[in-house]
Number of protein chains: 2
Amino acid sequence: MGVIGGNSHLNHLAYDCVIFGFSDGKLKILILEYFDTGLFALPGGFIRIDEDLDEAVKRGLSERTGLKDIYLEQFYTFGAARRNQTGEMAAILKANRSDLSKLGWILERMVSVGYYALINAEEVEPQPDSLSDSCKWYDIEDLPKLIQDHEEIVNKGLSVLQDNLDKKLQGVNLLPEKFTMNQLQKVYEAILGEKLHRGAFQRKMLGLGNLERHEKKFSGAAHKAPFLYSFKH
Amino acid sequence: MGVIGGNSHLNHLAYDCVIFGFSDGKLKILILEYFDTGLFALPGGFIRIDEDLDEAVKRGLSERTGLKDIYLEQFYTFGAARRNQTGEMAAILKANRSDLSKLGWILERMVSVGYYALINAEEVEPQPDSLSDSCKWYDIEDLPKLIQDHEEIVNKGLSVLQDNLDKKLQGVNLLPEKFTMNQLQKVYEAILGEKLHRGAFQRKMLGLGNLERHEKKFSGAAHKAPFLYSFKH
DNA sequence: CCAAAAGTGTTTTAGCTACACCCATGA
DNA sequence: TCATGGGTGTAGCTAAAACACTTTTGG
């Protein structure tokens with residue numbers, strides 16, 4: 001088993017997570033920057049020997065965001081033989097003067113299970129881990145160069161999210177408990193990367209039958225106050 | 001590393017494959033029966049240390065079916081901590097008097113990547129492996145009880161196949177090179193588990209624009225001879 | 001000539017788009 | 001009263017479903 005901080009993990013298996021958030025009308029994801037290397041990566045982690053895969057991911061996300069009950073979806077498993085043989089992880093460990101006799105297993109061939117998470121970016125103060133300098137939101141349209149195949153992981157995750165958008169009304173997970181129809185539409189537009197028609201969008205969402213209408217929101221702006229909605233559980 | 005026949009494999013990682021075929025108007029899958037145990041399972045296997053995940057699955061399927069270029073789709077990774085701690089694999093190894101000092105790693109916690117394959121059942125004489133008695137087609141509606149979580153794997157695989165059916169015209173992979181529209185419709189009905197409207201189905205398939213029409217097929221039956229179609233590559 | 005199944009034309013329906021109108025709000 | 005954005009009604013379009021008519025085949 002690989003050992004991190006005294007815990008044993010499955011060798012050769014990892015997860016990487018595309019954590020989507022929404023702010024300033026843009027779709028963003030959380031990216032780690034490693035100390036002294038200028039290398040950027042998705043948050044990821046390893047699976048303890050007696051831990052469910054899903055639990056491992058929840059644990060990792062909770063450490064990174066402080067949130068419980070995150071909306072999570074597994075989307076693909078990346079298993080190319082040399083996908084992490086790029087030297088980047090070695091550089092990261094070296095910059096941290098890590099003990100390779102204990103952490104060397106991280107450099108071996110690694111199959112990674114891709115997950116995406118949807119969170120309300122406003123509620124979170126992202127936390128870097130012990131190897132990383134910062135953990136920040138990046139606009140999905142303007143990501144830094146990522147290590148290994150992480151760009152492919154992001155693209156695949158976004159593409160699956162887009163496909164799932166219709167079936168599952170996932171957009172609500174990126175917003176506060178109560179939100180206006182306009183906010184929801186902005187989320188959909190950001191995910192799909194295209195403008196949607198206002199009237200049609202409103203009718204379609206209400207037609208799904210799982211939105212509940214609440215009081216109006218008086219924003220102080222000079223126009224009719226919109227209703228607030230929440231998702232029916 | 002785990003060792004089978006002198007080759008080294010990734011520990012704690014496996015794949016299981018739902019191999020769909022179509023015959024007698026029914027959707028079927030390939031199921032192995034293990035020697036002297038009455039235990040049934042999906043065909044699966046392990047990943048060599050330097051082998052792409054996809055390659056490992058192709059290799060395994062080719063051993064089981066003799067086919068190259070099988071249509072394959074990865075659909076989910078099953079990672080519950082105790083999913084294979086059911087004692088069934090131990091019974092199988094014991095019935096085969098296997099050397100546990102070499103094969104014991106198979107009994108440890110195993111994360112499994114689920115794939116489905118679509119093949120033309122008529123072209124194949126399925127081959128059991130060294131541990132299994134038989135490898136036979138079973139009607140998807142009438143499967144034997146399977147070991148571990150293999151029933152869940154089948155259900156998830158079928159459900160993803162159903163979802164993908166529209167986007168990818170996958171049905172053709174279950175048929176010979178040339179087929180009639182009625183055969184194709186029967187495949188769709190078997191996968192979706194519902195009757196489809198003949199006229200609408202024909203129009204929809206032709207409307208996709210990737211079917212090519214060939215000569216008519218004279219079956220000897222007392223009705224109009226249908227055209228044969230093939231898939232445009 | 002008949003029954004059965006195939007191909008295709010026509011009608012009906014449903015969902016979505018686009019446009020437009022009116023309403024509420026705060027400046 | 002005006003500009004702005006929100007809710008909703010309506011007309012038009014398009015794709016799919018349902019129906020039906022015609023054709024081909026072998027008995």
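Just so we're on the same page: letters track the sequence lines, and every chain starts at 1.
Closest-nucleotide positions on DNA chain D for A:His223 and A:Lys216 were compared, and the one nearer the 5' end corresponds to A:His223. Map A:Ala221 and B:Thr180 each onto its nearest nucleotide of DNA chain C; the residue landing nearer the 5' end is B:Thr180.
For the residue pair B:Tyr116 / B:Asn164, a side-chain donor-acceptor distance below 3.5 Å is found, with atom types taken as modelled. A:Tyr138 and A:Glu33 share no side-chain donor-acceptor pair at under 3.5 Å.
Atom C1' of nucleotide C:dA4 and atom CZ of B:Phe218 are separated by 16 Å, given to the nearest angstrom. Rounded to a whole Å, the CG atom of A:Asn182 is 19 Å from the P atom of C:dA24. If you take NZ of A:Lys204 and P of C:dT17, they are 7 Å apart, rounded to a whole angstrom. Across the protein-nucleic acid pair, A:Met205 atom CE and C:dC16 atom C1' stand 13 Å apart, rounded to whole Å.
Within 4.0 Å (heavy atoms only), A:Ala200 reaches at least one base atom of the nucleic acid. The residue A:Gly220 sits close only to the backbone: its heavy atoms come under 4.0 Å of sugar-phosphate atoms, none of a base.
Without hydrogens or angle criteria, B:Arg109 side chain to B:His12 main chain gives no donor-acceptor distance under 3.5 Å.
You can see that DNA chain D meets the heavy atoms of chain B within a 4.0 Å-exclusive cut from D:dA17 to D:dG26, reading 5' to 3'.
Contact check for A:Leu30 versus A:Lys136: no side-chain heavy atoms found under the 4.5 Å cut-off.
Taking a cutoff of 4.0 Å between a charged side-chain nitrogen and a carboxylate oxygen, B:Asp163 and B:Lys168 do not qualify as a salt bridge. The pair B:Arg59-B:Glu51 meets the salt-bridge criterion, with a side-chain N (NZ, NE, NH1 or NH2) lying under 4.0 Å from an Asp/Glu carboxylate O.
With a 6.0 Å radius and a threshold of 12 heavy atoms from other residues, nucleotides or ligands, B:Glu141 has its CD atom at or below the threshold.
Between B:Phe75 and B:Tyr115, the ring center distance fails the sub-6.0 Å criterion.
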Show each protein N/O and nucleotides 8-12 of chain C N/O combination with a separation under 3.5 Å, one pair to a line.
| from | atom 1 | to | atom 2 | distance (Å) |
| --- | --- | --- | --- | --- |
| C:dT8 | OP2 | B:Arg213 | NH2 | 3.3 |
| C:dG9 | O6 | B:Arg203 | NH2 | 2.8 |

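Shortest non-hydrogen contact noted between A:Trp137 and A:Pro126 is NE1-CG, 3.9 Å.
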